[in-house]
Peer 1: 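The structure under discussion is supplied below as structure tokens; questions concerning it will follow.
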Amino acid sequence: MTATRISGAWRWLLTTLVVGLTVGVAPAPLAATSASASAAAATAASAESVAGRTDPTRAPATSLSADGRTVTDGQRTLTASQVVGLEPGGATVAVAGSGYDAAKGVYVALCVVPPAHHVPTPCGGGVDIEGAAGASQWISSNPPDYGIGLAQPYGPGGSFSTSFTVRAEIAPGLDCRHLRCALVTRNDHVRTADRSQDLFLPVTFRTDPTGGASPPPNGAPAPGPSGPAIGGPAAPAPGPGEQPGVAPPATDAPAVTVPPPPTTEAPPQAPTATVSADGRSVSDGTRRLEVSDHAELDPDGTELRVTGAGFDPSAGYYLSLCALADDEDAVAAPGPCAAGGGRSAWLTNDPPEGGEDLAQPLDADGAFALTLVVEAIIDADTDCRVQRCAVVARFDDTRTGDRSGDLALPVEFAAEGPAADPAGVDEDGDDDSEAASVSDPAALSTVADAPRSGGPWGWLALGGIVLAAAAVVVALRRRRSVPATAAVVLVVVALAAGIVGCAVDEVDDTVAASSATTDTTSDPAGAGAQRPSTVPTAEAAGVAVLPVTVTSADGRRVTVTDTSRIVPLQGSISEILFALGLGESVVARDISATFDEVADLPLVTRAHDVSAESVLSLRPTLVLADTDTGPPEAVDHLRNVGVPVVVVERPTSVAGVGEHIATIAEAAGVPDAGRALAAEVEAEIAAVTAEVEDADHPTVAFLYLRGRAGVYLLGGPGAGTDSMIEAAGGRDAGVELGLERAFTPLTSEALVAAAPDVILMTTTGLESVGGVDGLLEVAGVAQTPAGMHRRVVTVEDGLLFGFGARTPEALRLLADGLRVAEPVA
């Protein structure tokens with residue numbers, strides 16, 4: 001692992017966690033209120049115990065070795081090179097682990113030890129956008145696309161070995177010489193509430209005033225391990241008393257017993273509050289929260305009038321319906337909470353730029369009044385008919401871990417009555433969006449004007465045909481002149497056909513899918529260098545019928561009322577919106593959007609991390625994200641302030657493209673155009689696949705290389721490129737080798753054994769190693785048939801991994817490249 005790679009990992013860790021981790025606390029398990037629910041929970045817990053499983057929300061019990069350098073929970077082991085008397089100004093510590101679940105990524109960092117079973121927070125590094133501190137490491141063998149090159153893969157048996165710099169002062173006012181701190185592993189941002197891999201290795205720093213080393217200058221590279229070698233020598237065997245993969249302890253480390261760590265103050269707890277006798281108000285003696293109703297609420301949705309008084313006008317608050325944490329765990333945050341579509345409110349007198357229209361100010365005395373929509377279903381796992389829920393006021397994202405702002409007023413829903421249908425279908429089987437459009441005159445007008453219905457030209461043509469038929473009848477009866485009558489008929493029918501043709505062309509333009517063509521060139525070395533492409537946009541391709549309610553991939557029901565300003569947080573979502581004719585509504589781009597039309601749009605991500613402030617500054621009416629979008633804190637903030645956020649599943653194969661398109665189109669209110677585009681794209685994919693069915697099937701190795709970061713990975717099952725290679729007429733080398741997961745660290749022996757006929761890379765990946773000539777210097781490449789004959793095919797990053805509207809283009813480009821590069825007989 002090179003210093004550059006560690007910096008990249010910290011950059012991801014920083015943007016994912018700094019905002020939340022400096023004060024954040026993960027939600028605790030939710031409790032049911034009824035005795036039957038409690039009994040069911042107890043039964044489930046007993047069953048889990050019998051099956052040998054543990055509660056993933058509780059950290060495992062661990063034991064510490066006599067020298068304090070190793071901690072284990074019986075399955076996982078965490079070891080450090082030094083844990084006592086560390087230099088306060090900066091000490092490089094080698095850390096190794098084994099036995100971790102390789103299917104779950106972890107972060108390794110120095111953190112303040114939290115209360116039992118809570119997320120370790122805050123963690124070291126501070127605001128380090130450039131990654132100069134090197135104060136953490138992300139370990140993951142299957143990171144999302146944006147994590148490739150940032151995360152270090154696990155070794156055999158869930159092992160890892162890394163090093164990073166730790167400093168006593170984690171953040172201003174948080175000093176590990178006065179707080180209880182530890183080297184920690186914890187599940188990454190994908191499983192923030194999963195405590196099952198939390199291991200704590202306590203550390204202490206020197207406290208003498210002259211013993212601290214000066215921190216390195218700004219911008220100095222952080223010390224770190226070397227990157228994974230390709231065909232390099234194995235790591236030397238550990239000497240007597242050394243831990244595998246860990247540097248020996250420093251010889252000058254004081255041999256002293258670790259003193260009892262000082263007590264760490266728990267995050268501020270929620271105040272004691274009293275609910276009124278009628279159950280409609282709650283007060284903590286300073287603040288008061290009141291609702292218009294609190295019992296037998298309609299599970300499908302109730303509008304509550306919510307008023308408050310005595311709140312701090314200088315603070316910001318979120319107000320929404322939340323599931324309540326276990327009563328015995330007063331530190332845990334309420335959640336999950338409903339958000340968007342009138343289900344939440346943001347109260348602040350000092351919103352950031354872009355938040356002015358989303359925030360409601362507090363009066364001078366801290367009072368407010370608003371309407372809140374509450375539904376029994378918060379997400380796929382939270383039903384307030386069986387879980388304890390409340391209307392909750394809590395501090396906003398500026399103080400996420402501070403529970404002293406919590407004020408909760410319990411509410412109850414009627415047990416009978418259907419819950420909100422995630423599919424958006426009403427009781428009589430009609431689509432909710434269609435029913436809404438019929439009852440709404442404005443929406444009905446929109447439907448009538450939609451080009452897919454033929455528009456006014458279609459009705460004019462139909463009227464012309466009827467008149468022509470009447471004229472023919474009259475002519476035949478009165479004049480009986482067959483030639484004249486025939487001429488009249490031909491003229492009128494031709495006119496009507498022309499008008500109908502215009503209408504049909506308009507319909508075709510509306511639903512025409514776009515498969516952009518790329519201009520490619522093949523250099524003498526055999527590498528296809530792709531230039532940026534465009535996404536053809538059909539005129540009036542999609543006319544939104546709103547409002548529409550959809551179920552997000554995270555289980556939340558989201559109502560979309562306005563698509564005039566859409567922020568897509570993934571490249572394929574952007575290109576699908578443009579192909580649907582909604583490009584003029586797209587106001588921002590993610591770094592993975594690489595086609596021409598979005599080049600001038602503002603970028604709202606750093607690396608692949610979303611900046612909530614940047615998104616809000618564009619005043620979005622709809623945010624479209626995928627399941628890999630992060631950090632979670634930024635996405636949650638967008639929801640909490642009332643922006644509709646729809647999360648879609650990200651496809652990992654060609655087979656999922658059509659559904660991906662249809663899902664995005666439904667969220668944007670253009671389901672008909674989406675179905676038509678999906679059908680067109682799927683037909684084009686099938687055509688490419690049919691063309692290569694009888695061709696030779698060369699073995700293709702997808703190499704994900706980031707030369708400057710020391711990242712050398714071989715694609716395999718589940719990488720996404722395996723599906724693309726197969727559809728384009730090739731065989732994936734990683735699959736042929738029998739790899740069990742995507743993106744496996746590359747060795748020269750494995751590459752030579754795979755004997756690929758063709759090497760597939762992204763354009764930026766090939767550039768990072770110095771082109772084809774540089775690629776041939778990577779150990780093992782020159783010894784493969786592909787290397788010997790310089791058979792290298794490149795596809796632009798966003799096009800190869802997108803699985804969007806340009807997938808047929810990517811497949812055709814790849815298929816053409818494989819045909820050119822077919823192995824010599």
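Start at 1 with the first residue, then count along the sequence.
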Peer 1: Are any of the side-chain heavy atoms of T744 and R741 separated by less than 4.5 Å?
Peer 2: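 Side-chain contact under 4.5 Å: yes.
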
Peer 1: Between V587 and I566, is there a side-chain heavy-atom distance shorter than 4.5 Å?
Peer 2: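 I566 does not reach V587 side chain to side chain.
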
Peer 1: Taking the side chain from E575 and the backbone from A805, do they hold a donor-acceptor pair closer than 3.5 Å?
Peer 2: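 Checking the backbone N and O of A805 against the side chain of E575, a donor-acceptor pair under 3.5 Å is found.
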
Peer 1: Roughly how far, to the nearest 0.5 Å, is OG of S574 from CZ of R589?
Peer 2: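 If I round to the nearest 0.5 Å, the distance is 9.5 Å.
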
Peer 1: If we check side-chain hydrogen bond (donor to acceptor under 3.5 Å, both in side chains) with K104, which of these qualifies: D194, D188, N187?
Peer 2: D194

Peer 1: Does this structure show an ion pair linking E691 with R812, if we count only N-O contacts that are shorter than 4.0 Å?
Peer 2: yes

Peer 1: Please determine which of V688, L811, T689, D722 meets the side chain to side chain contact (heavy atoms under 4.5 Å, CB included) test together with V654.
Peer 2: L811

Peer 1: Would you say that V635 contacts V623 through its side chain, given a criterion of any heavy-atom pair below 4.5 Å between the two side chains?
Peer 2: no

Peer 1: Mind checking the CZ-CE spacing from F803 to M724? Nearest 0.5 Å is all I need.
Peer 2: 6.0 Å

Peer 1: Could you go through S344 and N640, starting from their C-alpha distance and side-chain angles, then the distance that decides it, and tell me whether this counts as side chain to side chain donor-acceptor pair (under 3.5 Å)?
Peer 2: CA-CA 6 Å; S344 63; N640 286 328; 5.5 Å; no

Peer 1: As an exercise, state the distance from CG of L577 to OG of S585, rounded to the nearest 0.5 Å.
Peer 2: 8.5 Å

Peer 1: Take D590 and L603 through the test side chain to side chain contact (heavy atoms under 4.5 Å, CB included) and record every step on the way to the result.
Peer 2: CA-CA 6 Å; D590 168 59; L603 185 66; 5.6 Å; no

Peer 1: At what distance, to the nearest 0.5 angstrom, does CD1 of I725 lie from CG of D732?
Peer 2: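 Those atoms lie 4.5 Å apart.
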
Peer 1: So, does S617 use its side chain to make a donor-acceptor pair with the main chain of S614 at under 3.5 Å?
Peer 2: yes

Peer 1: Which atom names give the shortest non-hydrogen contact between S572 and H660, and what distance separates them?
Peer 2: OG-NE2, 3.1 Å

Peer 1: Sub-3.5 Å donor-acceptor pair from the side chain of H697 to the main-chain atoms of G729, do we have one?
Peer 2: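 Yes, the answer is positive, given that a donor and an acceptor are paired below the 3.5 Å cut-off.
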
Peer 1: Do F702 and L713 pass the side chain to side chain contact (heavy atoms under 4.5 Å, CB included) test, and can you show the C-alpha distance, the side-chain angles, and the key distance before you say yes or no?
Peer 2: CA-CA 9 Å; F702 172 69; L713 303 174; over 6 Å; no

Peer 1: What's the verdict on side chain to side chain donor-acceptor pair (under 3.5 Å) for T559 and T549, showing C-alpha distance, side-chain angles and the deciding distance?
Peer 2: CA-CA 4 Å; T559 299; T549 298; 3.0 Å; yes

Peer 1: Would you please test D626 and V647 for side chain to side chain contact (heavy atoms under 4.5 Å, CB included) and show each step?
Peer 2: CA-CA 5 Å; D626 71 13; V647 179; 5.5 Å; no

Peer 1: Hey, are the side chains of V641 and V643 touching, using non-hydrogen atoms and a 4.5 Å cut-off?
Peer 2: yes

Peer 1: A701 and L714: which non-hydrogen atoms are nearest, and at how many Å?
Peer 2: CB-CD1, 4.0 Å

Peer 1: Answer yes or no: is there an ion pair linking R731 with E726, defined by an N-O contact shorter than 4.0 Å?
Peer 2: no

Peer 1: Do L775 and V792 make a side-chain contact, defined as non-hydrogen atoms from C-beta onward lying under 4.5 Å apart?
Peer 2: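 The answer is yes; the side chains approach within 4.5 Å.
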
Peer 1: Does a side-chain N-to-carboxylate-O contact under 4.0 Å join R639 and D554?
Peer 2: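 So R639 pairs with D554 through a salt bridge.
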
Peer 1: Identify the two heavy atoms, one from A667 and one from V646, that lie closest to each other, and give their separation to 0.1 Å.
Peer 2: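 Scanning both residues, the minimum pair turns out to be CB-CG1, 4.0 Å.
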
Peer 1: State, to 0.1 Å, how close A338 and I378 come at their nearest heavy-atom pair, and which atoms those are.
Peer 2: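 For A338 versus I378, the nearest heavy atoms are N-CG2, 3.8 Å.
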
Peer 1: Please name the pair of heavy atoms, one in V645 and one in V558, separated by the smallest distance, quoted to 0.1 Å.
Peer 2: O-CG2, 3.5 Å

Peer 1: For a quick test of reading the model, state the closest non-hydrogen atom pair linking L818 to P698 and the distance between them.
Peer 2: CB-CG, 4.3 Å

Peer 1: What I'd like to find out is whether the side chain of V604 reaches to under 4.5 Å of the side chain of L569, using heavy atoms alone.
Peer 2: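 Yes, their side chains come closer than 4.5 Å.
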
Peer 1: Working note: F578 + V598, criterion side chain to side chain contact (heavy atoms under 4.5 Å, CB included); need CA distance, chi angles, decisive distance, verdict.
Peer 2: CA-CA 9 Å; F578 272 84; V598 298; 3.5 Å; yes

Peer 1: Going by an N to O cut-off under 4.0 Å, is there a salt bridge joining R791 and D757?
Peer 2: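 A salt bridge is absent here (no side-chain N lies under 4.0 Å from a carboxylate O).
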
Peer 1: Are the side chain of T551 and the backbone N or O of R557 linked by a donor-acceptor pair below 3.5 Å?
Peer 2: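 Checked: no pair found.
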
Peer 1: Using 30° and 60° as the class limits, which term best fits the ring planes of Y704 and F743: parallel, tilted or perpendicular?
Peer 2: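 Because their plane-to-plane angle is over 60°, the rings of Y704 and F743 count as perpendicular.
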
Peer 1: Just how far is it from atom OG1 of T663 to atom CD1 of I576, taken to the nearest 0.5 Å?
Peer 2: 9.0 Å

Peer 1: Nearest 0.5 Å, please: how far is CG in L622 from CG in D562?
Peer 2: 9.0 Å

